[in-house]
Amino acid sequence: MSSVRKQYPFDLIEPKWQAKWEQEQTFRAWNPGEKIPANHPFSRRHSTLPPKYYILDMFPYPSGAGLHVGHPEGYTATDIIARYKRAVGFNVLHPMGWDAFGLPAEQYAIKTGQHPRKTTEQNIATFKRQIQSLGFSYDWSREVDTTDPEYFRWSQWIFLKLYNSWFNPKSNKAEPIETLSYPADITTPEQKKAWQDARRLAFVAETPVNWCPELGTVLANEEVIDGKSEVGGFQVVRKPMRQWMLRITAYAERLLQDLDSIDWPDSLKEMQRNWIGRSEGAEVLFKVASGSETIKVFTTRPDTLYGATYMVLSPEHPLVDQLLTAQWPANIPEKWKGSAESRATPADAVRAYREHASSKSDLERTELAKEKSGVFIGAYAINPVNKEPIPIWIADYVLASYGTGAIMAVPAHDSRDFEFAQKFGLPIRIVVEDPSGKDSAGFTGEGISVNSGPLTGLKTAEAKKKITAWLEEHGVGRKTINYKIRDWLFSRQRYWGEPFPIIWRNGQHEALPESALPVRPPDLTDFKPTPSGEPPLARATDWMNLPDGAVRETNTMPQWAGSCWYYLRYLDARNHDAFVGTAAEKYWMTGSSHSAPGVDLYVGGTEHAVLHLLYSRFWHKVLFDLGHVSTAEPFYKLVNQGLILGEDGQKMSKSRGNVVNPDDILKEFGADAFRLYEMFMGPLEMVKPWNTKGVEGVYRFLGRVWRLFVEEKSEVDFEQSITLSPGKGSELLEKISLNPKIQEIEPTPAQLRTLHATIKKVTEDIEGIRLNTAISALMVFVNEAMTWEKLPKSVMADFLKLLQPLAPHIAEELHEKLTGSSETLAYLDWPKFDPALLVENEIELPVQVNGKVRDVIRVPVDAPTQEIEKQALASEKVQAFIAGKEVKKIIVVPKRVVNIAVAG
RNA sequence: GCCGGUGUGGCGAAAUGGCAGACGCACAGGACUUAAAAUCCUGGGAGGAUAACACCUCGUGUCGGUUCGAGUCCGACCACCGGCACCA
């Protein structure tokens with residue numbers, strides 16, 4: 001792979017310290033009330049629990065491919081911060097676990113017949129070994145596995161909370177279903193149950209869903225990308241099915257509003273805002289010209305109502321069949337009637353068009369978006385403001401699932417309506433004038449209303465207000481808010497997921513009691529999905545059919561169920577009686593002047609922007625409403641790590657052959673070099689290409705650190721002996737002695753300045769998560785220290801404390817050599833930076849003429865401005881540029897720069 | 001189409017409006033070595049100028065602006081990356 005020589009015995013050092021950390025449980029985080037052993041290093045520093053700091057990684061799906069270099073990017077960053085926070089005195093919670101339900105394990109099981117439990121266990125073991133070999137300071141006593149019954153019983157328990165709650169719009173929060181009140185005409189138990197069932201946060205609905213035949217399951221909207229499944233990229237079709245849904249739409253407004261209270265990247269917040277898709281507008285009621293029906297439309301531009309020249313319903317709109325006329329009205333263009341083969345009556349045209357529309361896959365509907373299609377249904381609606389009859393059409397550019405599934409078309413001011421009207425020769429009436437004076441046909445912005453009765457002359461915003469008031473006054477409309485977000489389709493036809501704690505009796509669903517948890521999946525040997533969409537669990541008839549005639553729900557929950565709340569389980573991972581204990585929840589989730597509410601820092605990729613990160617916020621808010629958690633938001637601060645590309649600048653993939661395996665890097669350079677390189681590549685959030693040569697660079701740096709601390713001859717002896725008797729590694733390691741240049745002496749002022757400049761830079765950079773520049777500061781220190789004749793022990797000890805979060809193994813080893821103490825660096829005080837030490841007596845000041853540097857002068861740090869000006873003007877080089885010119889102005893920026901502005 | 005991000009040496013990058021390119025990679029030269037590797041030292045944006053220095057001009061995607069001074073702030077544009085996309 002490369003020719004770089006072995007820099008230091010990382011292969012002995014790293015296992016040594018990893019074993020010590022494990023044996024000592026160095027990184028255990030302590031809960032309130034927990035007894036901390038007196039010999040634990042934490043006790044030596046803290047007599048009571050200090051403020052908490054919760055730093056979280058997105059837990060991985062343990063795939064068969066093993067760890068990828070992308071995983072440790074975020075994990076290294078959080079580990080550095082976790083170690084730093086411990087050093088500055090926090091009780092740090094830094095856990096890891098496994099998001100282990102999911103499709104790949106199940107598909108592997110289908111192929112090989114191997115039970116997914118088995119492959120999952122193997123994959124977890126591999127992931128854990130790989131993660132541990134990087135020396136991350138996780139508290140493994142809190143490890144969670146979403147497929148463990150002791151874990152998923154609580155996923156099921158939260159589902160029961162959702163099932164047994166409703167969203168009260170008055171209090172704007174979830175409440176127990178018992179608080180629901182009933183209208184006067186709801187009296188019988190059956191009626192009451194139906195009323196409840198229609199309002200639960202977890203409910204059953206028959207709606208068109210995303211069915212993926214290849215995967216044999218339905219998918220949530222968030223899991224479908226461009227008409228294909230997010231997993232596998234298979235075709236997805238719309239199909240009406242009876243499924244479990246979660247009422248996330250009830251939380252649309254709060255999910256949107258609360259984004260303002262959290263510290264997330266703007267791009268991510270924007271993605272969630274777009275997904276929630278709030279839009280303000282009005283509902284308008286249109287009466288049908290001949291008939292008693294009214295059609296409700298949603299519009300964000302009620303000010304354009306006078307420009308509505310036709311109306312469009314979605315092909316699936318329930319009123320279409322009622323509204324159809326028996327015969328075509330006289331004198332309408334032939335092309336309004338749809339395809340030539342079936343245009344005898346409006347009913348024929350509608351039937352043909354519906355077939356045409358439903359045969360299109362979602363993908364085709366998107367790709368063919370440019371070509372508008374539709375048919376007239378023979379009926380007319382009356383525009384409430386001007387009583388004008390307008391033709392009613394159906395067209396697939398109107399979606400059944402958004403708004404009311406019907407629109408008023410204003411072709412002059414909506415690009416889609418404009419296209420449609422041009423194609424079918426419908427009238428285009430300008431009702432808003434473009435203020436820039438351009439042609440107003442096709443103008444979709446805000447302007448001045450024209451040809452609009454009482455609205456004429458008003459600005460768009462005022463026209464909206466006025467017409468909305470008019471609609472409300474006349475009972476033909478009102479202000480409304482629409483959201484793009486749909487309820488969350490929550491059931492899957494899979495084996496490898498949490499069963500629902502639900503049974504069915506006489507076609508009615510019932511919740512199982514909490515005492516029945518966990519509901520374990522049955523043992524199966526055939527995990528295949530069924531073509532009909534019947535879940536595989538239905539094959540286990542013994543399991544499904546209960547003695548009293550009830551049957552179990554055979555759908556399972558999606559993978560998101562486990563990842564929605566895992567960060568809460570970490571707080572109290574072994575609690576058998578509750579999903580999290582009250583004291584633990586309060587301690588870790590409550591903010592203070594030192595730390596944020598909820599998770600202080602969450603690091604992960606953007607791929608979960610509208611999946612896990614939205615779902616988690618939703619569940620958390622429900623738990624908050626029901627009094628189970630203390631904060632309205634789970635993740636206070638979030639950082640997205642950027643993707644790591646292959647050496648060729650392309651996305652890493654097996655097919656490109658540019659995948660870097662962390663095991664290979666670790667074997668050659670060690671964990672510390674790997675960690676350093678991942679951080680040294682560039683800013684955490686940035687997309688950046690891998691370069692193995694760069695690993696050699698930081699590896700050489702660690703070699704220089706090593707050689708700075710150890711005596712050369714003992715190192716040479718070590719290298720010779722280890723070749724002769726490789727088995728005696730740890731014994732030989734101890735014989736390497738300290739560099740005799742390191743002595744218990746007072747540091748020189750210059751040495752102190754170097755140290756304290758490094759402390760300042762490293763501290764500020766870690767706080768700001770600028771780990772690449774923190775590393776470069778350590779390099780600058782080492783480059784400087786290598787020139788020193790003697791190395792003061794205190795300075796070198798402080799340097800190791802700064803190095804520890806980034807390269808913990810080598811830092812611990814050298815610290816042990818330096819001090820003779822094997823006590824871990826993890827809980828030693830972070831070095832304090834003393835600004836007084838950075839003050840110099842004389843500084844160099846660049847002198848500019850008209851912004852260009854012409855000379856550098858040395859001045860006392862506290863020299864008065866006049867003195868600096870005088871000295872700057874006295875410079876020969878400067879004189880060459882200002883001679884014979886008029887000096888207009890001299891700017892002296894203290895400790896920064898002098899600029900002389902001259903004329904000409 | 002809409003939203004967000006990013007453009008700086010051969011490469012990864014750094015720079016509270018104040019000496020552009022820290023740190024590292026790659027490269028070149030030197031020391032050590034029989035030799036190589038490793039290590040240590042030195043050099044380096046481009047162009048010009050010089051015996052050599054000194055020095056000069058240009059330079060942070062493009063064009064313009066604000067400022068004593070702009071990679072950084074403002075305006076317009078271009079390119080690439082990511083997300084959303086018939087959402088009325």
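Every chain is numbered from 1, with letters handed out A, B, ... down the list of sequences.
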With heavy atoms under 4.0 Å as the rule, sort [X] into base, sugar-phosphate or nothing.
X: A:Asp266; result: nothing
X: A:Pro265; result: nothing
X: A:Tyr677; result: nothing
X: A:Arg770; result: nothing
X: A:Met786; result: sugar-phosphate
X: A:Ser279; result: sugar-phosphate

Find the distance [X]:[atom1] to [N]:[atom2] and express it as a whole number of Å.
X: A:Arg707; N: B:U39; atom1: CZ; atom2: P; result: 6 Å
X: A:Arg858; N: B:C19; atom1: CZ; atom2: P; result: 17 Å
X: A:Glu719; N: B:U39; atom1: CD; atom2: P; result: 12 Å
X: A:Asn850; N: B:G69; atom1: CG; atom2: C1'; result: 9 Å
X: A:Trp690; N: B:C11; atom1: CH2; atom2: C1'; result: 16 Å
X: A:Ile644; N: B:G12; atom1: CD1; atom2: P; result: 15 Å
X: A:Asn274; N: B:A85; atom1: CG; atom2: P; result: 9 Å
X: A:Tyr699; N: B:U39; atom1: OH; atom2: P; result: 10 Å

Same-atom distance ([atom1]) from [N] to [M], integer angstrom:
N: B:A85; M: B:U72; atom1: C1'; result: 34 Å
N: B:A79; M: B:U60; atom1: C1'; result: 16 Å
N: B:U66; M: B:G75; atom1: C1'; result: 11 Å
N: B:U33; M: B:U50; atom1: C1'; result: 38 Å
N: B:G44; M: B:C55; atom1: P; result: 14 Å
N: B:G7; M: B:G21; atom1: C1'; result: 16 Å
N: B:G10; M: B:A26; atom1: C1'; result: 8 Å
N: B:A13; M: B:G9; atom1: P; result: 11 Å

Using side-chain heavy atoms (C-beta onward) and a distance below 4.5 Å, is [X] in contact with [Y]?
X: A:Gln641; Y: A:Glu685; answer: no
X: A:Leu471; Y: A:Val284; answer: yes
X: A:Gln422; Y: A:Ile428; answer: yes
X: A:Leu614; Y: A:Leu611; answer: no
X: A:Val892; Y: A:Asn899; answer: no

Ignoring the backbone of [X], work out which of [options] is nearest its side chain.
X: A:Lys877; options: B:C19, B:C68, B:C55; result: B:C55
X: A:Asn899; options: B:C86, B:G69, B:A88; result: B:G69
X: A:Asp414; options: B:A88, B:G18, B:G12; result: B:A88
X: A:Lys484; options: B:C84, B:A14, B:C3; result: B:C84
X: A:Met271; options: B:G83, B:A85, B:U57; result: B:G83
X: A:Phe881; options: B:A14, B:C68, B:C56; result: B:C56

OP1 or OP2 of B:A88 versus the side-chain N and O atoms of A:Tyr402: is any pair under 4.0 Å?
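For B:A88, OP1/OP2 do have a side-chain N/O of A:Tyr402 under 4.0 Å.
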Looking at A:Gln272, I'd like to know whether one of its side-chain N or O atoms comes within less than 4.0 Å of OP1 or OP2 on B:C84.
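Checking B:C84 against A:Gln272, no side-chain N or O comes under 4.0 Å of OP1 or OP2.
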Once each nucleotide of nucleotides 20-29 of chain B is scored for protein heavy atoms under 4.0 Å, what B/S/- sequence comes out, 5' to 3'?
--BBSSS---
Taking the ring of [Y] and the ring of [X], is the distance between their centroids below 6.0 Å?
X: A:Tyr615; Y: A:His612; result: no
X: A:Tyr677; Y: A:Tyr699; result: no
X: A:Trp788; Y: A:Phe781; result: yes

In terms of ring plane angle, is the pair A:Phe10 and A:Tyr8 parallel, tilted or perpendicular, where the classes change at 30° and 60°?
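It falls in the perpendicular class, over 60°.
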Donor-acceptor pair under 3.5 Å: do we get one between A:Lys372's side chain and the base of B:C86?
yes
Residue closer to the 5' end of RNA chain B, A:Lys889 versus A:Thr787 (nearest nucleotide)
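In this pair, the answer is A:Thr787.
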First encountered from the 5' end of RNA chain B, between A:Glu270 and A:Thr404
A:Glu270
Does A:Lys372 count as lying over the ring of A:Tyr397, i.e. NZ or CZ under 6.0 Å from the six-ring centre, within 45 degrees of the axis?
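Checked: cation-pi criterion met.
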Starting at CD1 of A:Ile900, measure out to CZ of A:Phe881 and round the result to the nearest 0.5 Å.
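Going from CD1 on A:Ile900 over to CZ on A:Phe881, the span is 11.5 Å.
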Specify the glycosidic conformation (syn or anti) of B:G9, with syn defined as within 90° of 0.
syn
Starting from Watson-Crick (N1-N3 plus N6-O4 or O6-N4) and G-U wobble pairs under 3.5 Å, report the runs of at least three that RNA chain B belongs to.
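Paired runs of 3+ in RNA chain B: B:1-7 with B:78-84, B:10-12 with B:23-25, B:27-31 with B:39-43, B:45-48 with B:55-58, B:61-65 with B:73-77.
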Might you point out which heavy atoms bring A:Arg753 and A:Val839 nearest each other, and give the distance in Å?
NH1-O, 4.3 Å
